[in-house]
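Take a look at the structure below.
Starting from 1, each residue takes its place in the sequence as its number.
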Amino acid sequence: MSDDASLRRMVYLFIKDVAETCNPDDVIIVTSCLTKDMTCDVDLYRGNALRVLVRIVDAAMLGTIERYVKQAVVDSSGQVDSAALVSASHLFESSPECAAVVRRWISETQEATTSPNEM
């Protein structure tokens, strides 16, 4: 992807809007690209990738990104951990299967909400 933050943001918004109409097999390719963005050093990219990623994954794919979301919840960057907490809330409401996975993140969520880092 490009290093231009505005272009990346537009791509993230496009993916989020189009993903609901795509074939689930095609979403796997996008998921791997967004997962790569979640591991980069730029907080803006990590937060935005996380927001988009949780909108396009289903309960079956949630297990593959669970580790990244849990790491983001306890991240030292306020931008990343607040994006992770809001994304976890969206996942919790999306389906009972996703809610069961999100319930396992209670300790990380409590750690994030009691952290001295600003959100």
Side-chain angles (χ1 to χ4, degrees):
M1 275 204 191
S2 172
D3 288 331
D4 182 9
S6 298
L7 180 60
R8 275 184 182 249
R9 183 171 278 173
M10 287 184 2
V11 169
Y12 291 143
L13 289 172
F14 175 77
I15 291 170
K16 190 167 78 171
D17 286 340
V18 173
E20 296 172 0
T21 62
C22 289
N23 182 354
D25 295 333
D26 297 335
V27 173
I28 292 173
I29 297 168
V30 175
T31 303
S32 65
C33 184
L34 290 171
T35 302
K36 182 179 150 197
D37 280 354
M38 285 182 57
T39 60
C40 77
D41 295 333
V42 181
D43 293 340
L44 177 67
Y45 299 162
R46 290 190 298 152
N48 287 336
L50 181 61
R51 286 183 192 100
V52 174
L53 196 56
V54 299
R55 293 294 183 140
I56 64 173
V57 298
D58 57 2
M61 293 176 60
L62 183 56
T64 61
I65 65 159
E66 180 179 9
R67 177 175 62 104
Y68 299 108
V69 179
K70 286 170 68 171
Q71 286 175 347
V73 168
V74 294
D75 197 90
S76 61
S77 166
Q79 189 172 21
V80 176
D81 65 358
S82 63
L85 290 171
V86 170
S87 298
S89 174
H90 287 295
L91 281 170
F92 187 83
E93 295 172 355
S94 66
S95 74
E97 294 86 10
C98 289
V101 173
V102 173
R103 279 191 190 99
R104 296 191 304 232
W105 307 343
I106 294 295
S107 62
E108 287 85 0
T109 305
Q110 288 175 337
E111 181 180 338
T113 56
T114 59
S115 171
N117 298 329
E118 262 187 49
M119 281 196 221

Locate the shortest heavy-atom distance separating Cys40 from Tyr45; write the atom from each residue and the value. SG-CB, 3.7 Å

Shortest non-hydrogen contact from Phe92 toward Ala99: O-CB, 3.4 Å

For the residue pair Lys70 and Val74, establish whether any side-chain heavy-atom pair is separated by less than 4.5 Å. no

Straight-line distance of Arg51 CZ to His90 NE2, nearest 0.5 Å: 9.5 Å

Given side chains that start at C-beta, do those of Leu53 and Tyr68 come closer than 4.5 Å, heavy atoms only? no

Non-hydrogen side-chain atoms of Val11 and Ile15 separated by less than 4.5 Å: yes

Taking the side chain as C-beta and beyond, is there a heavy-atom pair between Arg9 and Leu44 under 4.5 Å? yes

Same apolar cluster: Val30 and Val69, side chain cutoff 4.5 Å: yes

Shortest non-hydrogen contact between Ser95 and Ala59, atoms and distance: OG-CB, 4.4 Å

In terms of heavy-atom contacts, Gly47 and Val80 come closest through N-CG2, 4.3 Å

Measure the shortest side-chain to side-chain distance between Arg8 and Asn48 over non-hydrogen atoms and say whether it is less than 4.5 angstrom. no

Any idea which heavy atoms bring Thr31 and Ile56 closest together, and the distance? OG1-CD1, 4.1 Å

For Leu91 and Cys98, which heavy atoms make the closest approach, and how far apart are they? O-CB, 3.2 Å

So, applying side chain to side chain contact (heavy atoms under 4.5 Å, CB included) with Ile65, which one of Leu34, Leu50, Val57 is it? Val57

Checking side-chain hydrogen bond (donor to acceptor under 3.5 Å, both in side chains) between Arg46 and each of Asp41, Asp37, Asp75, Thr39, which is the one that passes? Asp75

